[in-house]
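The block underneath contains the structure these notes are about, expressed in structure tokens.
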Number of protein chains: 2
Amino acid sequence: MHISELGSLIKRRRKTLGINQKQLSELTEIGLRTIKGLEAGKTNPTFKTILTLLDVLGMELMIRTKK
Amino acid sequence: MHISELGSLIKRRRKTLGINQKQLSELTEIGLRTIKGLEAGKTNPTFKTILTLLDVLGMELMIRTKK
DNA sequence: AACAAAAGTGCAGTAAACTGCCTTTTATAT
DNA sequence: ATATAAAAGGCAGTTTACTGCACTTTTGTT
């Protein structure tokens, strides 16, 4: 998992749910400009931003030791 | 998963591996002050910082849709 | 108890995330 | 072909993550 992956993953999920960037911005209360930059893989988002987005998108993040 | 969880998770893993904060800082090339703040749950780290730490700690991050 | 190592904390500078505003490009209709 | 909606991108201001330095507190060892 790296940053560009994260962006495309969120973009894909958003489209699956049938919402646009503006709607996602309103639902998450994250600035539209931030969402655009993140989906394009052009910024290095903070943990909070990621968690807020995943929550609204019905996704979860897990961390575990590599086997 | 929220920020304080992330901090304690990383701290626990670091101790399991038997290294101190300074060594982790050197291995990851992330500032010692940053690691201290993160383990204490006092900052909102960036995705890059998290991924770098997890990598050196032999951990991985996954994202999936909630069932 | 004394000492050393590790961890925690305040402060200040730099870089970058976050944000809004506005313009341009691209896609999707009619 | 035009009009509309969605996405992309430049720019500038504000906030905050990241960092080093210096000092304090806690933990562990002899």
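Just so we're on the same page: letters track the sequence lines, and every chain starts at 1.
Side-chain contact of A/Thr52 with A/Thr49: a donor-acceptor pair under 3.5 Å is absent, judged by distance alone.
A donor-acceptor pair under 3.5 Å is formed between the side chain of B/Thr16 and the backbone N or O of B/Arg12.
Distance check: B/Leu54 CG to B/Leu61 CG gives 6.0 Å after rounding to the nearest 0.5 Å. Taking CE of B/Met1 as the reference point, atom CD1 of A/Ile63 lies at 4.0 Å (rounded to 0.5 Å). Here the straight-line distance linking atom CG of B/Leu24 with atom NZ of B/Lys15 works out to 12.5 Å at 0.5 Å rounding.
When rounded to the nearest whole Å, the span between CG of B/Leu24 and P of C/dA7 equals 10 Å. Protein atom CZ of B/Phe47 is 17 Å distant from nucleotide atom P of D/dA17, rounded to whole Å. Following rounding to the nearest Å, B/Glu26 (CD) and D/dG20 (C1') show an atom-to-atom distance of 14 Å. Look at CD1 on A/Ile35: it is 16 Å from P on D/dG9, rounded to the nearest Å. In this structure, B/Ile50 atom CD1 and D/dA17 atom P are separated by 12 Å, rounded to whole Å. Atom pair A/Asn20:CG and D/dT4:P shows a separation of 18 Å (rounding to whole Å applied). A straight line from CZ of A/Arg12 to C1' of D/dA7 spans 18 Å, rounded to a whole angstrom. Protein atom CD1 of A/Ile3 is 12 Å distant from nucleotide atom P of C/dA16, rounded to whole Å.
Take the nearest nucleotide of DNA chain C for B/Gln21 and for A/Leu38: the residue whose nucleotide is more 5' is B/Gln21. Summary of the strand contacts: B/Lys22 and B/Thr46 both lie near DNA chain C, and taking for each the nucleotide with the nearest heavy atom, the more 5' one is attributed to B/Lys22. For the pair B/Leu32 and B/Thr43, both in contact range of DNA chain D, the more 5′-proximal nearest nucleotide belongs to B/Thr43.
For C/dC18, the OP1/OP2 oxygens have a side-chain nitrogen or oxygen of A/Thr49 closer than 4.0 Å. Neither OP1 nor OP2 of C/dA6 sits under 4.0 Å from any side-chain N or O of B/Arg14. For B/Lys36 and C/dT9, the shortest distance from a side-chain N or O to OP1 or OP2 is not below 4.0 Å.
Residue A/Lys48 is out of contact with every strand shown, counting any heavy-atom pair closer than 4.0 Å.
Distance from the side chain of A/Thr34 is smallest to C/dC18 among C/dC18, D/dC18, D/dA7. With D/dA17, C/dG8, D/dA7 as the choices, the nucleotide that has an atom nearest any side-chain atom of A/Lys11 turns out to be D/dA7.
Judged by distance alone with a 3.5 Å cut-off, no donor-acceptor contact links the side chain of B/Arg33 to the base of C/dG8.
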